[in-house]
Amino acid sequence: MVRWPAARSESPEEVEREESGGKRQAEEEEGRWGRMLPELLGEIVRRVDAGGEQWPQRKDIVAYAGVCRRWRDTARGIVRQLRENGDITFPSSLKEPGPRDSPVQCLIRRNKSNSTYCLYLGLTESFTDKGKFLLAARQFKHGAHTEYIISLDADDLSQGSNAYMGKLRSNILGTKFKIYDSQPPYNGAKVSSSRTSRRFTSKQISPQVPAGNFVIGRVSYKFNLLKRGPRRMHCTLQCPSAKDTTGEGDSPKSKAHNPGTTILKNKAPRWHEHLQCWCLNFHGRVTVASVKNFQLAATEDASQPSGIGDQETVLLQFGKVGDDTFTMDFRQPLSAFQAFAICLTSFGTKFACE
């Protein structure tokens, strides 16, 4: 017969001593890392953030912040929310409103051979630098309609992917578009009832996150039967408010109510007699004339949410700088995801509008 050793009973004093000893050891380990110079800690996290050009590498920032409390505080002080310094470190920042005072400067690179578009965060003023990858989109034909699947992974552009962020869908003429988000923009949002908008996939990220597409915006181009003048755009969007996100580097809060509607329209260009063309001032961010170039500003609608700027403030501008390179600059209340989707609507010929 096998006899097991009797269980050792510990007194409350012994348990308290063991717990205090373990806590003291943890504090010693944390102090060893925390005693590094603040300047050195800041330089480390800046290089880690700048070196993460692809989303899977962004986990290095999380690993850095998990070393000890001092490292976590340093990371929070440098990696702030998008609206504070314009840096996009985590995928959640792609659906947060941009900064209010200065736009976030990005580049879109087009690949005509496979109908893909990649969005990069511009790290320098040069249009030749690649920048930090943010989003990718691919154009598909779905019957008579055109769709753009938007993803975090440039190599996995499918609606059933875990990297799927949303999509854009046009009407038959390519003059009206709907922007779909893969996640509900606010509590109680209803998934689109369209059969093509449902996601039938076994790769659902979490059972708690609804699997579907939610309409968060519409973009329309007005008919131009006389074929005179540039395109005229009108955008109706559900934009997240800056108050809907938390500070201190935390993830966005759940939105309790409908965030409201933001209405934008393109700024009308002026006719330049000497150049014999329509012109807009892009302040050096656009260098090639194109019918695709545009600037969006707020309308006079009194129901607009406060703080989105006046009619003169450009909230989104898009323009050509090379054969397959375009600039995209956006600010609050637009997010990077919404701005990218709006810019995608500009690609393609619109026979009824130009």
Side-chain angles (χ1 to χ4, degrees), residues 48-63 82 87-96 104-124 127-143 145-170 177-183 196-206 209-214 216 318 321-328 330 335-348:
V48 171
D49 183 29
E53 295 183 356
Q54 300 294 331
W55 289 119
Q57 298 177 7
R58 308 296 171 87
K59 63 184 180 182
D60 297 337
I61 293 291
V62 179
L82 174 62
D87 290 341
I88 299 177
T89 298
F90 302 109
S92 59
S93 300
L94 293 169
K95 294 184 179 180
E96 294 178 5
V104 178
Q105 296 184 343
C106 302
L107 292 174
I108 296 177
R109 300 192 184 277
R110 174 179 60 184
N111 188 336
K112 292 181 180 179
S113 62
N114 56 7
S115 300
T116 58
Y117 306 83
C118 291
L119 176 68
Y120 298 90
L121 180 65
L123 301 177
T124 66
F127 300 140
T128 58
D129 294 337
K130 189 173 184 180
K132 182 182 289 187
F133 172 79
L134 299 179
L135 287 169
R138 177 174 291 171
Q139 179 182 350
F140 295 91
K141 278 293 184 180
H142 194 278
H145 302 269
T146 299
E147 288 189 355
Y148 294 84
I149 302 298
I150 304 175
S151 172
L152 287 169
D153 190 346
D155 298 322
D156 190 358
L157 289 155
S158 64
Q159 195 167 340
S161 168
N162 287 334
Y164 174 73
M165 293 286 281
K167 73 173 185 177
L168 182 72
R169 179 178 170 84
S170 76
F177 296 82
K178 288 184 180 180
I179 302 173
Y180 295 89
D181 195 335
S182 62
Q183 298 177 352
T196 57
S197 297
R198 300 173 188 169
R199 294 179 62 197
F200 297 98
T201 172
S202 60
K203 296 183 179 180
Q204 185 177 346
I205 298 175
S206 171
V209 179
N213 289 295
F214 300 84
I216 62 167
F318 170 79
V321 294
D323 289 340
D324 293 301
T325 304
F326 304 81
T327 57
M328 185 194 87
F330 72 96
S335 66
F337 172 76
Q338 289 175 323
F340 185 43
I342 294 173
C343 292
L344 289 174
T345 67
S346 187
F347 292 100

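Neither side chain, Ser151 nor Asp153, offers a donor N or O lying under 3.5 Å from an acceptor on the other.
A ring-centre distance under 6.0 Å is found for Phe347 and Phe318.
Nearest heavy atoms, Met328 versus Cys343: CG-SG, 3.4 Å. Of all heavy-atom pairs spanning Ile149 and Leu157, the tightest one is O-CD2, 3.8 Å. Of all heavy-atom pairs between Pro91 and Met165, the closest is O-CE, 4.4 Å. Residues Asp156 and Ser161 approach most closely at OD2-OG, 3.0 Å, considering heavy atoms. Closest of all the heavy-atom pairs between Tyr120 and Gly131 is CD2-O, 4.0 Å. Contact between Leu121 and Val104 at its shortest, heavy atoms only, is CD1-CG1, 3.5 Å.
One finds the CG atom of Asp324 at 9.0 Å from the OG atom of Ser113 (value rounded to the nearest 0.5 Å). Atoms CG and CD, on Asn213 and Gln159 in that order, are 5.0 Å from each other to the nearest 0.5 Å. To the nearest 0.5 angstrom, Ile88 atom CD1 is 12.0 Å from Phe133 atom CZ. The CD atom of Gln139 lies 11.0 Å from the CG atom of Asn114; values are rounded to the nearest 0.5 Å. The line from CZ of Arg109 to CG of Leu119 is 11.0 Å long, rounded to the nearest 0.5 Å. The OG atom of Ser346 sits 9.0 Å away from the CD1 atom of Ile108 when rounded to the nearest 0.5 Å.
Counting heavy atoms from C-beta outward, Thr327 and Gln105 have side chains that stay 4.5 Å or more apart. Side chains of Ile342 and Ile179 form a contact here, defined as non-hydrogen atoms less than 4.5 Å apart.
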>> With side chain to side chain contact (heavy atoms under 4.5 Å, CB included) as the criterion, how do Lys95 and Ser182 come out once you've worked through the C-alpha distance, each side chain's angles and the decisive distance to 0.1 Å?
In response: CA-CA 11 Å; Lys95 294 184 179 180; Ser182 62; 3.6 Å; yes

> Ile216 and Phe337: side chain to side chain contact (heavy atoms under 4.5 Å, CB included), yes or no, with the steps?
Replying inline: CA-CA 11 Å; Ile216 62 167; Phe337 172 76; 3.7 Å; yes

>> Apply side chain to side chain contact (heavy atoms under 4.5 Å, CB included) to residues Tyr117 and Tyr148 and explain how you reach the verdict.
In response: CA-CA 9 Å; Tyr117 306 83; Tyr148 294 84; 3.7 Å; yes

> Yes or no on side chain to side chain contact (heavy atoms under 4.5 Å, CB included) for Leu344 and Phe177, after CA distance, side-chain angles and deciding distance?
Replying inline: CA-CA 10 Å; Leu344 289 174; Phe177 296 82; over 6 Å; no

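Residue-environment remark: CG (Asp323) stays at or below the threshold of 12 foreign heavy atoms within 6.0 Å.
Side chain of Ser170 to backbone of Thr146: a donor-acceptor contact under 3.5 angstrom is found.
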